[in-house]
Amino acid sequence: MQSTRAHARSGAVVLVLGVLLTLMGCAEPAPGPAGEQVTPGGQVSGGATGPATVPPGLLECDDASKDAGAEPAPQDLHRFDHGVPDGFTESGGYTQISSPEGDYTADYLVPTASGVGNLNVLAVVYYAELALGPVTSDCGQLDRKLVLARLDVVNAEAGAELLGEYSWVEVGGLPAVRYDAWYPSHGFTVRTYAVYGESELVTFGCQWVEAESVITAGCDELIASASF
């Protein structure tokens, strides 16, 4: 089953990149205005009286100057899709406690088994802009050190305790950072997969309190179903 996209929301107060979900009540929130996602792009300008010029920063972006193993930053992340894991269903009534990269759209998936608390949930969140700034080099390459530094700042300000280390993996064929974090002030653990692009971000968050095995199994299936 393919998922449907939820509505956009504005940012909040605490900087948190993980799921950190809270229930907003029994009723689903009213949908926001629909709009087509547009990949940002710059205008091309030229003069009829002189040759086009190359921005100085691009003059050094030839193959010889690139770092070994560097990769172009992913683009068009808004085209992503994912399935709904077995034993889960889409749900409303949730929100992100904060949205560090600005406005977002989100899908929330909850277990259908009885006896599972409502803070055990999967979330797929899409940020159309990186409000905290780009994580790319001047040559448009993904800066992995900058990505990890960004995660350090966000987690520190959220009071999240990293469990283990960050690890680079692939989600839907794209580079992603996977990490687990414990949020003592909220009493839950979140496993996050963060896919940073040139100007966008998609996070897959898997949050549990008492139903770790249920959530991590659904999380694995969700990640396996992701495509870009």
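Note: hydrogens, waters and symmetry copies are ignored here, and every other heavy atom, side chains too, is used.
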Undergrad: Can you tell me how far apart CG (Leu162) and CG (Leu151) are? Round to the nearest 0.5 Å.
TA: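 These two atoms lie 9.0 Å from each other.
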
Undergrad: With a 4.5 Å cut-off on side-chain heavy-atom distances among I, L, V, M, F, W and Y, is there a chain of contacts connecting Val209 to Val116?
TA: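 The answer is no; the residues belong to distinct hydrophobic clusters.
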
Undergrad: So, Asn120 side chain and Ala211 main chain: donor-acceptor pair closer than 3.5 Å or not?
TA: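 Side chain of Asn120 to backbone of Ala211, a donor-acceptor pair under 3.5 Å: yes, one is there.
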
Undergrad: State whether the side chain of Thr192 and the backbone N or O of Ala194 hold a donor-acceptor pair below 3.5 Å, judged by distance alone.
TA: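 It does not hold such a pair.
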
Undergrad: For His82 and Asp107, what are the C-alpha separation, side-chain angles and deciding distance, and is it a side chain to side chain contact (heavy atoms under 4.5 Å, CB included)?
TA: CA-CA 10 Å; His82 64 85; Asp107 293 339; 2.8 Å; yes

Undergrad: Test of understanding: clusters of I, L, V, M, F, W, Y form through side-chain heavy atoms closer than 4.5 Å, transitively. Do Leu174 and Val169 belong to the same one?
TA: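 Both belong to a single hydrophobic cluster.
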
Undergrad: Locate the shortest heavy-atom distance separating Leu132 from Arg150; write the atom from each residue and the value.
TA: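 The pair with the smallest heavy-atom distance is O-NH2, 3.1 Å.
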
Undergrad: Before giving the answer on side chain to side chain contact (heavy atoms under 4.5 Å, CB included), spell out for Val110 and Thr89 the whole-Å C-alpha distance, their side-chain angles and the decisive distance to 0.1 Å.
TA: CA-CA 6 Å; Val110 297; Thr89 187; 4.0 Å; yes

Undergrad: Less than 4.5 Å apart, any side-chain heavy atom of Pro72 and any of Cys139?
TA: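 Counting from C-beta outward, Pro72 and Cys139 never come under 4.5 Å.
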
Undergrad: Nearest 0.5 Å, what's the CG-CD distance between Asp103 and Glu129?
TA: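 CD of Glu129 is found 9.5 Å from CG of Asp103.
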
Undergrad: In terms of hydrophobic clustering (I, L, V, M, F, W, Y; side-chain heavy atoms under 4.5 Å; direct or indirect links), are Tyr179 and Trp168 co-clustered?
TA: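 They do share one cluster, since a chain of ILVMFWY contacts under 4.5 Å joins Tyr179 to Trp168.
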
Undergrad: Are any of the side-chain heavy atoms of Val121 and Phe88 separated by less than 4.5 Å?
TA: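 The answer is no, as the side chains (C-beta and beyond) never meet within the 4.5 Å cut-off.
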
Undergrad: Decide side chain to side chain contact (heavy atoms under 4.5 Å, CB included) for Val202 and Phe228; before the verdict, give the C-alpha distance in whole Å, the side-chain angles of both, and the deciding distance to 0.1 Å.
TA: CA-CA 10 Å; Val202 177; Phe228 291 89; 4.1 Å; yes

Undergrad: For a quick test of reading the model, state the closest non-hydrogen atom pair linking Pro111 to Ile215 and the distance between them.
TA: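 So the minimum-distance heavy-atom pair works out to CG-CD1, 4.1 Å.
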
Undergrad: Say whether, by atom type as modelled, one donor and one acceptor occur between the side chain of Glu71 and the main chain of Gln141 under 3.5 angstrom.
TA: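 No; judged by distance alone, with no hydrogens or angles, the pair does not exist.
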
Undergrad: Check for a donor-acceptor pair, side chain of Gln207 on one end and backbone N or O of Leu119 on the other, with a separation under 3.5 Å.
TA: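 Yes, Gln207 side chain to Leu119 backbone: donor-acceptor pair under 3.5 Å.
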
Undergrad: Hey, could you give me the CG/CH2 distance between Leu163 and Trp182, rounded to the nearest 0.5 Å?
TA: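 Result: 9.0 Å between the selected atoms.
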
Undergrad: Return the minimal non-hydrogen interatomic distance between Phe204 and Ala226, and the atom names on each side.
TA: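 Smallest heavy-atom distance, with atoms named: CZ-CB, 3.8 Å.
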
Undergrad: Quick check: closest heavy atoms across Cys219 and Arg191, and the distance to 0.1 Å?
TA: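 So the minimum-distance heavy-atom pair works out to SG-CD, 4.4 Å.
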
Undergrad: To the closest 0.5 Å, what do you measure between CD1 (Ile223) and SG (Cys206)?
TA: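 If we round to the nearest 0.5 Å, Ile223:CD1 and Cys206:SG are 5.5 Å apart.
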
Undergrad: Identify the heavy atoms of Leu146 and Val135 that sit nearest to each other, and give their distance.
TA: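 So the minimum-distance heavy-atom pair works out to CD2-CA, 3.5 Å.
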
Undergrad: Can you give me the closest heavy-atom contact between Gly117 and Glu210, atom names plus distance?
TA: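 So the minimum-distance heavy-atom pair works out to N-OE2, 2.9 Å.
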
Undergrad: Tyr196 and Asp143: side-chain donor and acceptor closer than 3.5 Å?
TA: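 On atom types as modelled, these side chains do not qualify, holding no pair under 3.5 Å.
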
Undergrad: Between the main-chain N or O of Ala131 and the side-chain N or O of Glu101, is there a donor-acceptor pair closer than 3.5 Å?
TA: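 Present.
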
Undergrad: For the residue pair Tyr126 and Phe80, categorise the inter-ring angle as parallel (less than 30°), tilted (30 to 60°) or perpendicular (more than 60°).
TA: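 Geometry flag for Phe80 against Tyr126: tilted rings.
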
Undergrad: Where do Arg178 and Glu165 land on the salt bridge (charged side-chain N to carboxylate O under 4.0 Å, His left out) test, with the steps shown first?
TA: CA-CA 9 Å; Arg178 167 184 159 159; Glu165 303 290 335; over 6 Å; no

Undergrad: Take the angle between the ring planes of Tyr94 and Tyr108 and call it parallel below 30°, perpendicular above 60°, tilted in between.
TA: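 Correct class here is tilted.
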
Undergrad: Working to the nearest 0.5 Å, report the span between CG of Leu77 and OG of Ser199.
TA: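 Output value for this atom pair is 7.5 Å.
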
Undergrad: Quick check: does any side chain N or O of Thr112 sit under 3.5 Å from a backbone N or O of Gly87, one acting as donor and the other as acceptor?
TA: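 Pair found, side chain donor or acceptor close to backbone of Gly87.
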
Undergrad: Is it the case that Thr95 and Tyr104 place a side-chain donor and acceptor less than 3.5 Å from each other?
TA: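 Side-chain D/A pair, Thr95 to Tyr104: present.
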
Undergrad: Are Val195 and Leu201 close enough, and set up right, to give a side chain to side chain contact (heavy atoms under 4.5 Å, CB included), and what steps lead you there?
TA: CA-CA 6 Å; Val195 182; Leu201 168 65; 5.6 Å; no

